Participant: 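Before we start, here is the structure in question, set down as C-alpha cells.
Numbered from 1 within each chain, the chains take letters A, B, ... in sequence-line order. Fair warning: this is a prediction, and the values are worked out from it, not measured in the lab.
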Amino acid sequence: MANSSVAQGAQAPLEKEMARQQRLDEILSSYQGNEEELIPILQQVQQVFGYLPEPAMKKIAKFLKLPESTIFGVGTFYAQFKLVPSGRNIIRVCRGTACHVRGATGILGEVEKQLGIKPGESTSDLEYALEAIACFGSCALAPVMVIGNNVYGRMTPAKVKEVLANVGAER
Amino acid sequence: MSFADIQKQAIAEWQALHDSRKPRILVGTATCGRAAGAEAVLAAIDKELREQNIDAIVIQVGCIGLCYAEPLVDIIKPGRPRICYGNVTPEIVAQLIEDYLVKDNPRPDLALGTIGDGGVDGIPNLFGLPVLKSQLRIVLRRCGFIDPTNINHYIANGGYSGLVKALAMKPEEIIEEVKKSGLRGRGGAGFPTGQKWEFCRKSPGEEKYIICNADEGDPGAFMNRSLLEGDPHSVLEGMLIGAYAIGAKEGYIYCRAEYPLALERLRIALKQLKEYQLIGDNILGSNFSFHLKIKEGAGAFVCGEETALMASIEGKRGMPRSRPPFPAVSGLWGKPTNINNVETWANVAAIMQRGASWYASYGTQGSKGTKTFSLVGKVERTGLIEVPFGITMRQIIYEIGGSILKGKRFKGVQTGGPSGGCLPPDFLDTPVDYDSLTSAGSIMGSGGMIVMDEDTCMVDMARFFISFTQLESCGKCIPCRWGTKQMLDILEDIVNGRGKPEDIELLQELAESIKDGSLCGLGQTAPNPVLTSIRYFRDEYKAHVEEKRCPALVCNALISYYIDPEKCQGCIICLRSCPAGAIKGGKRVIHVIDQDKCTKCGTCLDICPPRFNAVVKTSGERPAVPEEPVPISSAGKTRGGQQ
C-alpha cells in the first residue's frame with residue numbers, strides 16, 4: 001500500500017542501536033505472544049522508531065512465532081505503517097469528500113509547494129513528511145490539515161504558510 | 001456498591017454542580033472544537049478567571065453539533081439560563097468574562113441562544129432556532145451537556161439504567177424489545193438489529209463475541225467520532241446490553257487510529273466502568289460477565305467491512321472473505337459474532353432506558369427513531385445533526401443547513417459516501433429514510449451528507465470517489481481491484497479531455513460487472529457514485545466527452561484563464577504573483593496569459609482586484625483576447641472599470 005520496499009536505512013551508531021534493541025525488547029516483553037497482538041506491537045514499534053525497521057520486524061516474527069512474510073504482509077497492508085524512516089513532523093492533509101469539495105486540492109498543492117515534497121515523501125533532512133489522508137472526521141471545518149494531534153480547520157492556501165511556520169517555531 | 005448507591009452518588013454530584021453558586025463555563029473541546037481553536041479559548045478562560053480572581057467551574061464537553069460556530073463556549077450563571085456563545089476567540093473570552101461574569105451584561109450581540117428555562121432579553125432560545133428546531137436528539141442528547149470523562153454525569157442523566165433494566169429481563173425479552181423498537185443498523189445497510197442479535201443468540205456455541213464498529217471510514221462522515229468523544233458511555237452501555245442479550249462474554253471496539261481523542265475518551269470510560277464494576281465478572285451481582293477490549297485500526301477503509309474488520313482484530317491483513325458463513329455463525333476466531341455500528345449501540349442504550357414503544361413513536365413506518373448526519377460541504381451551517389426519519393432533504397439542507405454557501409445554486413447531495421450516490425434537486429422533497437433513499441438510487445449509508453453546489457463538477461466527484469475506492473481496494477478480488485482501476489482510467493480520460501463517446505456506456509457496463517462480481521461491500525458499492533451521477537447528471541458527462549467542456553469549471557485540463565482586455569488596468573498584480581511566469585505585459589499594458597505556460601492554478605483570478613475583475617475562467621470557448629500585450633492607451637477602448 002503506502003510503501004513497497006524495505007528500508008536500506010543508514011547504519012546507526014552502535015550505542016544507539018543497542019538502546020533501540022533494548023527498547024524493542026521492552027515492548028515485546030509487555031505482550032504475551034499471540035497473533036492478535038501483531039498490529040498493536042507494530043503500532044508501538046513505529047511510535048518508538050518512527051517506522052518499522054527490518055530487524056525489528058524479524059524479531060517480532062520470532063516473538064509471535066509467525067513467518068516473516070506475515071509481518072511484512074501486515075506491515076505493507078495498512079496505510080499507517082511505514083517501512084522507511086519518515087520526517088519527524090508529519091504534515092497530514094485531508095483529502096476526504098467534504099475537504100475535496102471545499103478546496104483540499106489547493107491546500108495540498110500549497111503544502112507541496114512549501115515543503116517541496118509530494119504525499120508519501122519526506123524532506124531530505126527528515127524534518128517533515130507529507131501525507132494525504134482519507135478523512136479525519138473534522139468535515140464541518142473543511143478543509144483541514146493535521147500536525148501531530150492538532151487539527152487545523154477552515155484552511156486556506158494562505159493559512160498553510162502560517163501553520164507550517166508554527167511547526168517550525170515549535171521545533 | 002449497588003447500582004442504586006452509585007446512582008445516588010452520581011445524582012448528588014450532578015445536583016451539587018447545578019446548585020453551585022459559582023458560574024459554570026462549558027467549552028466544547030471535541031475534535032471539531034479543537035480544530036477551530038477551542039484549546040486557545042480554554043487557555044484564555046483559565047487566564048482571565050485567574051486574573052479577575054473569579055471562582056468558576058470550567059467543564060470540557062463534547063460537541064453539540066453546531067460545528068459552523070465553533071469554538072463554542074456556554075456560560076451558566078446561577079439562576080440564569082445557559083447562554084451559548086459561538087465563534088469564540090481568546091479576545092471574546094476576555095470580553096465575556098469582564099462583561100457577563102463581572103458586570104452582568106450577557107452580551108446578546110455575541111450569543112447564539114439560551115438553553116433551558118427562562119430567557120434573556122435579546123437572546124433567542126437556542127433550540128427554537130431553525131438550525132435546531134427540526135432536530136430530535138436521542139443519541140446525541142447528552143453531547144455538549146455532560147463531561148464525557150465523568151461517568152457520574154452519564155449515570156446522573158439516566159445512564160446505565162438501561163443495563164440494570166436489561167439484567168432483570170431474560171435475554172430473549174431484550175431481543176424482542178429491540179425488535180419492537182424497529183431499530184435498524186446505523187452503519188449503512190439498515191439490517192434490523194433485533195433480528196441480527198437473534199441469529200447470533202441462536203447460533204450454537206458457548207463462546208460468542210460482540211463488536212462495535214467504530215472504523216468510521218466514509219470520508220465526509222464524523223457522527224461516530226463525535227458521539228464517542230461526547231458520550232462514550234452510551235455506546236458502552238449498549239454493548240453491555242447486547243452482550244447479555246446475545247450471550248457474549250467478550251467484546252471489541254474497533255476504532256480507527258485517525259480518531260485519537262475518541263480512543264482516549266473510550267479508554268477513560270472503560271477504566272471508569274471497571275472501577276464501578278459495571279464490567280468484568282458477575283456484573284452487578286448477576287451471572288453475567290463481560291470483558292471488553294479496544295482495538296485501534298491502522299488505516300484501511302476496507303476494515304469497516306465486517307469480515308475484514310474481524311481479520312484485522314485477529315492481527316491479520318484486513319481482507320474480507322465471502323459470506324456465508326455470516327459472522328452470526330462463524331465470525332471472530334470462527335465463533336458466532338455480532339457486529340453493530342457505534343450509533344446502533346448508543347440507540348440500544350436509549351431504547352432500554354426509555355422503552356421500545358417510546359422509540360418506535362419516532363420516524364416512519366419502515367425506519368424508526370432518529371439518524372445522525374454530518375451535514376457538510378457547500379452549506380452555510382455545517383455540523384452534526386440528529387433528525388427523525390421522514391424529514392425531507394429540503395428541511396435538512398435549507399432549514400438546518402441554512403442555505404447553500406455564498407448564495408450559489410444547489411446541485412446535489414451525496415449520501416452514503418463512496419458507496420452511495422448523489423441526488424439532484426428533484427429529490428429535495430424526498431423523505432429521508434432507508435427505503436426512499438434506496439429507491440432514489442442512493443443509500444442511507446452511515447450518515448455522511450455532502451452538499452454540492454453549481455461549482456462542483458459531478459464527473460470530478462465521480463472520479464474522486466472511484467480514486468478513493470480504487471486506492472482502498474484490498475486487492476483480493478479481481479472485479480474490485482482491476483474494475484475500479486479501469487473505471488478510474490476512463491474517468492481520468494474524461495476529465496482530461498480524452499473521453500470517447502462510448503466511454504459513458506462502457507462505465508455503466510463495467511459498473512454492473514463490478515457490482516455483481518465483487519466479494520465485499522466495498523467493491524459491490526464502489527460504482528454507485530458513478531452510476532448515480534450518470535443517471536442524474538448525464539449532460540455533464542456529455543459536455544466533457546463531446547465538447548471537451550467542464551460546465552462547473554473544475555476540471556483543470558478543460559478550463560482556461562484569460563484576461564479580459566476591456567477590463568485589465570495593467571496593474572501588474574497578477575503578473576507578479578503568477579507562479580508559472582505565464583503572464584506577459586507591464587504597467588499600463590494589457591496583460592496576456594501564455595496558455596502554454598499557464599498551470600491553471602487560479603492565482604490570477606483570486607488576486608485580481610475585485611474592482612477590475614479582469615480575469616475570466618472559461619471552458620470550451622476562447623474569448624477574443626489579443627495574442628500579445630497591448631498598451632492600454634493604444635488599445636483605444638473605453639475604460640469601463642476605471643475609477
Participant: Please look at B/Y259 and chain A and tell me whether the side chain, the backbone, both or neither of the residue comes under 4.5 angstrom of a heavy atom of that chain.
Facilitator: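 Side chain only.
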Participant: Which region of B/L405, side chain (C-beta onward) or backbone (N, CA, C, O), has a non-hydrogen atom less than 4.5 Å from a non-hydrogen atom of chain A, or is it both or neither?
Facilitator: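 Only the side chain of B/L405 comes within 4.5 Å of chain A.
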Participant: I'd like to know which of B/A35, B/A298, B/G315 tops the heavy-atom pair count under 4.5 Å against chain A.
Facilitator: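 With the most close heavy-atom pairs to chain A, the winner is B/A298.
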Participant: Under 4.5 Å heavy-atom distance to chain B, tell me which part of A/R95 shows up: side chain, backbone, both or neither.
Facilitator: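 When you check distances to chain B, atoms from both the backbone and side chain of A/R95 fall under 4.5 Å.
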Participant: Do you know which of A/V144, A/L64, A/V74 has the most heavy-atom pairs with chain B at a distance under 4.5 angstrom?
Facilitator: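 With the most close heavy-atom pairs to chain B, the winner is A/V74.
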Participant: Distance from B/F373 atom CZ to B/I400 atom CD1, nearest 0.5 Å?
Facilitator: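 Interatomic distance, B/F373 CZ to B/I400 CD1, rounded to 0.5 Å: 10.0 Å.
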Participant: Is the side chain of B/K600 donor-acceptor paired with the backbone N or O of B/I559 at a distance under 3.5 Å, no angle test?
Facilitator: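 Yes; judged by distance alone, with no hydrogens or angles, the pair exists.
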Participant: Relative to chain A, which segment of B/E296 carries a heavy atom at a distance below 4.5 Å: side chain, backbone, both, or neither?
Facilitator: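 Both parts, backbone and side chain.
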Participant: Please verify the inter-ring angle class for B/W333 with B/Y252; under 30° counts as parallel, over 60° as perpendicular, anything in between as tilted.
Facilitator: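 Tilted, since the angle between the ring planes falls between 30° and 60°.
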Participant: Shortest non-hydrogen contact from A/I27 to A/Q44?
Facilitator: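 Heavy-atom minimum between the residues: CG2-OE1, 3.6 Å.
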Participant: Hey, could you give me the CD/CE distance between B/E305 and B/M319, rounded to the nearest 0.5 Å?
Facilitator: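 One gets 12.0 Å once the value is rounded to the nearest 0.5 Å.
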Participant: Do you know which of B/E70, B/M223, B/M452 has the most heavy-atom pairs with chain A at a distance under 4.5 angstrom?
Facilitator: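 Answer, by heavy-atom pair count under 4.5 Å with chain A: B/E70.
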Participant: Filter on salt bridge (charged side-chain N to carboxylate O under 4.0 Å, His left out), then keep only pairs touching residues 250-264 of chain B, sequence neighbours left out; what's left?
Facilitator: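 Every pair satisfying salt bridge (charged side-chain N to carboxylate O under 4.0 Å, His left out) with a residue in residues 250-264 of chain B: B/R256-B/E258.
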Participant: Under 4.5 Å, counting heavy-atom pairs only, tell me which of B/C303, B/S312, B/G448, B/C601 racks up the most with chain A.
Facilitator: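 With the most close heavy-atom pairs to chain A, the winner is B/S312.
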Participant: Between B/K411 and B/E454, does a salt bridge (Lys or Arg N to Asp or Glu O under 4.0 Å) hold up when you go through it step by step?
Facilitator: CA-CA 5 Å; B/K411 187 186 263 183; B/E454 56 189 294; over 6 Å; no
Participant: Quick one: closest heavy-atom pair of A/I91 and A/M145, and the distance?
Facilitator: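 Looking at all heavy atoms of both residues, the shortest contact is CG2-CE, 3.5 Å.
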Participant: Quick one: of A/A142, A/A140, A/G96, A/A134, who has the most non-hydrogen atom pairs under 4.5 Å with chain B?
Facilitator: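 Ranked by heavy-atom pairs under 4.5 Å with chain B, first place is A/A140.
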Participant: What salt bridge (charged side-chain N to carboxylate O under 4.0 Å, His left out) pairs are there with at least one residue in residues 99-110 of chain A, not counting sequence neighbours?
Facilitator: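 As it turns out, the salt bridge (charged side-chain N to carboxylate O under 4.0 Å, His left out) pairs with a partner in residues 99-110 of chain A, which skip direct neighbours, are A/E110-A/K113.
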Participant: Give the member of B/D453, B/N224, B/D460 that has the highest number of heavy-atom pairs under 4.5 Å with chain A.
Facilitator: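 Most heavy-atom pairs within the cutoff with chain A belong to B/D460.
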Participant: If you count heavy-atom pairs within less than 4.5 Å of chain B, which of A/C99, A/G73, A/A98, A/S138 leads?
Facilitator: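 Winner by heavy-atom pair count: A/G73.
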Participant: Measure distances from B/Y68 to the heavy atoms of chain A and classify the residue's part below 4.5 Å as side chain, backbone, both or neither.
Facilitator: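 For B/Y68, the backbone is the part near chain A, not the side chain.
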Participant: If you compare all heavy atoms of A/L126 against all heavy atoms of A/S86, which two are closest, and at what distance to 0.1 Å?
Facilitator: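 Distance-wise, the nearest heavy atoms are CD2-C, 4.1 Å.
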Participant: Given the options B/G377, B/G383, B/G318, B/C67, which has more heavy-atom pairs under 4.5 Å with chain A than any of the others?
Facilitator: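 The answer is B/G318.
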Participant: Does any backbone or side-chain atom of B/A69 lie under 4.5 Å from a heavy atom of chain A? Answer side chain, backbone, both or neither.
Facilitator: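 Just the backbone, heavy atoms under 4.5 Å.
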Participant: Let's go through A/T97 and B/Q414 carefully: what are the C-alpha distance in whole Å and the side-chain angles of both, what is the deciding distance for side-chain hydrogen bond (donor to acceptor under 3.5 Å, both in side chains) to 0.1 Å, and is it a yes or a no?
Facilitator: CA-CA 9 Å; A/T97 319; B/Q414 178 85 20; over 6 Å; no
Participant: Can you tell whether the side chains of A/R88 and A/E127 come within less than 4.0 Å, N to carboxylate O?
Facilitator: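 A/E127 and A/R88: salt-bridged.
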Participant: Among residues 31-43 of chain A, which residues come closer than 4.5 Å to chain B, judged by heavy atom distances?
Facilitator: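 So the qualifying residues are A/E35, A/E36, A/L38, A/I39, A/P40, A/Q43.
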Participant: What pairs with B/K408 under salt bridge (Lys or Arg N to Asp or Glu O under 4.0 Å), at least two apart in sequence or on another chain?
Facilitator: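 Residues passing salt bridge (Lys or Arg N to Asp or Glu O under 4.0 Å) with B/K408: B/D455.
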Participant: Is B/V302 in contact with chain A via its backbone, its side chain, both, or neither, using a 4.5 Å heavy-atom distance?
Facilitator: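 When you check distances to chain A, only side chain atoms of B/V302 fall under 4.5 Å.
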Participant: I'd like to know if B/R34 and B/E39 make a salt bridge, using a cut-off of under 4.0 Å between side-chain N and carboxylate O.
Facilitator: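 Counted as a salt bridge, because a side-chain N and a carboxylate O are separated by less than 4.0 Å.
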Participant: Using a 4.5 angstrom heavy-atom cutoff, name the option from B/A221, B/G37, B/A257 with the most pairs to chain A.
Facilitator: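 Option with the greatest count: B/A221.
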